[in-house]
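Below is one structure, written out as structure tokens, with a few remarks after it.
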Amino acid sequence: MSRRGLGGGVVVLLCWVLASALAPTLLPGPLAVAERLPEIVASGPGGNGLTHLGRSLLRVAVATAVGLAVAVPVGVAMAVDDRIEAGVSVWLPFWMTIPTLVVVLVGMVLFSFSDLSVVAAVVVAATPFATVSVHEGAADVDRELLDMAAAFGVDRRSVLREIYLPAILPAVFGSARYLLSMVWKIVVLAETFGMNRGMGALFRFWFNEGDLTALLAALALFVGVMVALQAAVTGAERRLFHWREDVPTAR
Amino acid sequence: MSRLRIAGVTKRFEGADGPLTVFEDLDLTVADGEFVTLMGPSGCGKTTLLNVVAGILEPDAGTVEFDGQPVDPGELPIGYVFQEPRLLEWRTVGENIDFALKAAGVGPEERDRRIEAWLDRVGLGEERNSYPKQLSGGMRQRVGLARALAIDPELLLMDEPFSSLDEVTARGAREDLLDLWSETGTSVLFVTHDVAEAVVLSDRISLMDENGAVFEELVVPHGRPRQFDDPEIHETQAELTRLFFEEVE
Amino acid sequence: MSADGASRSRSKSLPARIRPRPATVVSVLSVLVGWQLLSLLFPAYRFPGLVALAGDLRLVVGGGTPFDPLVQFGATVARVLVGFAVSFFLATIWGIAMGSWTALRGYLAGPLFVLLTVPSVVWAFVGVIWFGLTEFLVPVFVVVLVVFPYLTVTIWEGMGDIDESLSEMARAFGASRRAVWRHVYLPQLRPYLFGVARIGLAVSWKLCLVAEVFGSATGVGVAVKYHFESFENGMVIAWAIPVMVLIYGADRLLRRLERYASRWQPETTGVRGMVE
């Protein structure tokens, strides 16, 4: 995976170099962007790059936590009770069509351009998707294992701990990862509308300046952190769920 | 005295086209230490019957008696080997057996001893800390067998346990099962649709038709240990096959 | 009530979704009541009640705002359709290519992953810096750059689920390449293509709106931004509703088609499963 990832990175870089060589005025090359990176990290409007990044990270963390806190109980309840499932699922196709932008703008005005605006917008826009993914995982509980436990007279608590929890946990992790990747984007979108700090505010600033090189440098910082974060979550997941790995039975 | 006596048991399901009777007024006995096989075509309700005995399903009528006493099947220490191994894939082999032992109320040291002993007896002594997905299908099925026997069951239920194994593996597994059975003296209620398997393993065979009715009972006349390729056994197999197909189209 | 056999079996064959289940009714009602209660907590311009919202909606559709509804809705819908069509077309080819040649996959997965992590606003910013304010270019650019990698990854995963033993069977019978695609690959990919189309359409609409805010002089996004800047939340929501309903309708239509296309899959009654 890491070797392939490296190969992929090289391909991206090559394409970038080639494109910027063809149209240097339109697309600054990787070197030009890299040169601006230290400046973006060390200084900038309304604080240095790390301040913006930290502010965004904090909002992402809080919004993801709140989103999970809603999604997990609702998702599990949907798996356990058909009526709850029916009640929630009526709304899902319609919910899919609610534009994030409208949620963000309404949230901004509703909570007067505060941190609460960002978190509320993210929770409204992203939680339903996380709920669905928890529900799918929890609905996956193997009925035959439940019968097996009944045959051996296993008590309810053990069944919850040994059968339900292991089935739900990967789903919770999966939806946390999913939620995280969505939350980032919504936070950035929200920050471009009337926030002074955060990566979104930084992107908007350089956009207003018309400075594409600086915009791409800020983007590089953002993407770098994102990729690292995703890799960390995936790594933790793999350690936690090592039993899922199929090992060939060459014995 | 019979270990297990099923008397007049009826089971129905609510289907889309009204109630569906799986079997009605069914009688069956298993004597102490006896190996009884229930043979029938797919879909005749063999698995449903095992699930009733195991206490997974409630019968709509009839009684299940154990050692002459009517019992609630849920209370009995019953070992169940399923068609698929039904292991917790997120637990090691040892922990899977521990899962059943804990439910049976066995103390910690005794649990540890039994896990060790039973894994050795089914030839998986080295695999205690492996995860099920790391094992072959035959090995997984043997974990299922060890789990069922480790709780020292009053009765062992087996639902076509070898049907998903290849013939060579299945033959080995059948020999192992007979060895374990003669060592432990456990009463066994075995379900299969394989005539050859039924004759090789059983003391007695009950034949079930598509409608869930037992239409014939046959005592297997061969002594033990049995040679799988004994021509006399082949003869019994042929006779049973004929008997079976006369009744079941 | 006398129900003869024919009419009973007829009513049974009707899908259950035609009769709304009580849970559905309770759910819809409680959301509406919840909305109304929530609106009492805020001033009307921040969170309109249901009646106020209906009034705003009438204003939007009737042309009682500085924007001509036909022009704005028309522009947005056209952009969504073009952006979605281009993404879907490219993603199908790209996804199948990635699924077919494993060697290619290693090199394409990385770039796609990077594309997926870039926030849509940044694409909108880059688009505006490059193209300025445009009718189609910026919105379609943003939609394609975000939706295309997403759809590609999903289709590629669908390719991974294809039952190779069936392709082997087809080859063993000497089926042509074309026949293998038509009868073996496509039927197995179809659920993914439908799923991807439904999600892709909804996402395209969301992205188009973001792109319009920054990179266009017409469209729902422009109207939404105008009302946002005068703090009129009711109008912001009212402008979004008609397109939401349209996209919802398209989604239901695709769902119907999907059901029809997978009619060979029997509906499970569950009884059989319980017996054996």
Side-chain angles (χ1 to χ4, degrees), chain A residues 1 3-12 15 26-27 82-91 93-94 96-102 105-106 108-112 143 181 184-189 191-193 199-200 203-204 206-208 210-212 215-216 218-219 222-223 226-227 230, chain C residues 20-24 26-28 30-31 42 45-47 105-114 116-122 124-126 128-130 198-199 202-203 205-206 208-210 213-214 220-221 224-225 227-228 231-233 236-237 239-240 243-248 251-252 255:
Chain A
M1 170 68 214
R3 240 184 75 196
R4 275 187 176 173
L6 219 66
V10 170
V11 170
V12 174
C15 291
L26 273 184
L27 186 65
D82 284 348
R83 284 167 305 173
I84 297 176
E85 206 250 293
V88 176
S89 349
V90 210
W91 287 99
F94 192 67
M96 294 251 310
T97 68
I98 299 179
T100 320
L101 181 83
V102 167
L105 297 184
V106 169
M108 284 295 159
V109 173
L110 196 55
F111 298 111
S112 322
R143 293 223 62 84
S181 66
W184 262 113
K185 294 180 182 175
I186 304 171
V187 165
V188 166
L189 182 67
E191 285 169 349
T192 52
F193 293 98
M199 288 310 284
F203 290 143
R204 190 199 51 211
W206 290 116
F207 166 64
N208 286 338
D211 189 340
L212 188 58
L215 181 62
L216 287 181
L219 180 64
F222 174 82
V223 169
M226 282 280 289
V227 170
Q230 296 265 7
Chain C
R21 285 183 283 180
T24 311
V26 170
S27 167
V28 171
S30 56
V31 167
F42 296 94
Y45 76 93
R46 286 190 170 182
F47 199 99
R105 192 181 302 170
Y107 294 101
L108 296 183
L112 279 180
F113 184 61
V114 172
L116 275 170
T117 55
V118 176
S120 52
V121 226
V122 175
F125 289 164
V126 172
V128 174
I129 292 178
W130 278 352
R198 291 172 60 205
I199 294 171
V203 176
W205 140 241
K206 296 180 191 188
C208 184
L209 209 52
V210 173
V213 167
F214 296 102
V220 175
V224 160
K225 191 184 178 214
H227 291 293
F228 163 66
F231 292 169
E232 296 171 307
N233 263 352
V236 169
I237 298 171
W239 267 105
V243 187
M244 282 168 62
V245 170
L246 207 66
I247 300 287
Y248 178 80
D251 182 78
R252 296 291 88 186
R255 179 92 190 91

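No experiment lies behind these values; they were computed from the predicted model shown.
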Option in C:Ile237, C:Ile247, C:Ile129, C:Val213 with maximal non-hydrogen atom pairs under 4.5 Å from chain A: C:Ile129
Pick from C:Val128, C:Asp251, C:Val121, C:Val203 with the largest number of heavy-atom pairs that fall under 4.5 Å of chain A: C:Val121
Region of C:Val118 in contact with chain A, defined by heavy-atom distances below 4.5 Å: both
Structural part of A:Leu105 lying under 4.5 Å from a heavy atom of chain C: both
C:Val126: which of A:Leu26, A:Leu27, A:Leu219, A:Leu212 passes side-chain contact (heavy atoms from CB on, under 4.5 Å): A:Leu212
Among the listed options C:Val31, C:Val224, C:Val245, the residue most often paired with chain A at heavy-atom distances under 4.5 Å: C:Val31
Enclosure of C:Arg46 CZ (heavy-atom neighbours >12, cutoff 6.0 Å): yes
Top contributor to chain C contacts, counting heavy-atom pairs under 4.5 Å, from A:Trp206, A:Phe222, A:Phe207: A:Phe207
Validation row: A:Trp91, C:Val28 side chains within 4.5 angstrom (heavy atoms): yes
Option in A:Ser89, A:Pro93, A:Cys15 with maximal non-hydrogen atom pairs under 4.5 Å from chain C: A:Pro93
Per-residue contact mode, C:Arg252 against chain A (heavy atom under 4.5 angstrom): side chain
Contact winner vs chain C - A:Asp82, A:Ile98, A:Val223, heavy-atom pairs under 4.5 Å: A:Ile98
4.5 Å side-chain heavy-atom contact, C:Ser120 and A:Lys185: no
Heavy-atom closest contact (A:Pro99 atom, C:Ala240 atom, distance): CG-CB, 4.1 Å
Residue among C:Leu246, C:Val122, C:Leu116 with most heavy-atom pairs under 4.5 Å to chain A: C:Val122
Most chain C-contacting option - heavy-atom pairs closer than 4.5 Å, from A:Leu216, A:Thr100, A:Thr192: A:Thr192
Student check: side-chain heavy atoms of A:Trp184 and C:Thr117 closer than 4.5 Å: no
Heavy-atom pair with the smallest gap, counting every atom of C:Met244 and A:Thr97: CG-O, 3.2 Å
Max heavy-atom pair count under 4.5 Å with chain C, selected residue of A:Val102, A:Val90, A:Leu101, A:Leu110: A:Leu110
Value rounded to 0.5 Å, distance of CZ in C:Phe42 from CZ in A:Phe111: 4.5 Å
Parallel, tilted or perpendicular, as decided by the 30° and 60° cut-offs, for the rings of A:Phe193 and C:Phe228: perpendicular
Options A:Met199, A:Arg204, A:Met108, ranked by heavy-atom pairs under 4.5 Å with chain C, top entry: A:Arg204
Where C:Arg198 and A:Met96 come nearest, the two heavy atoms and their spacing: O-CE, 4.5 Å
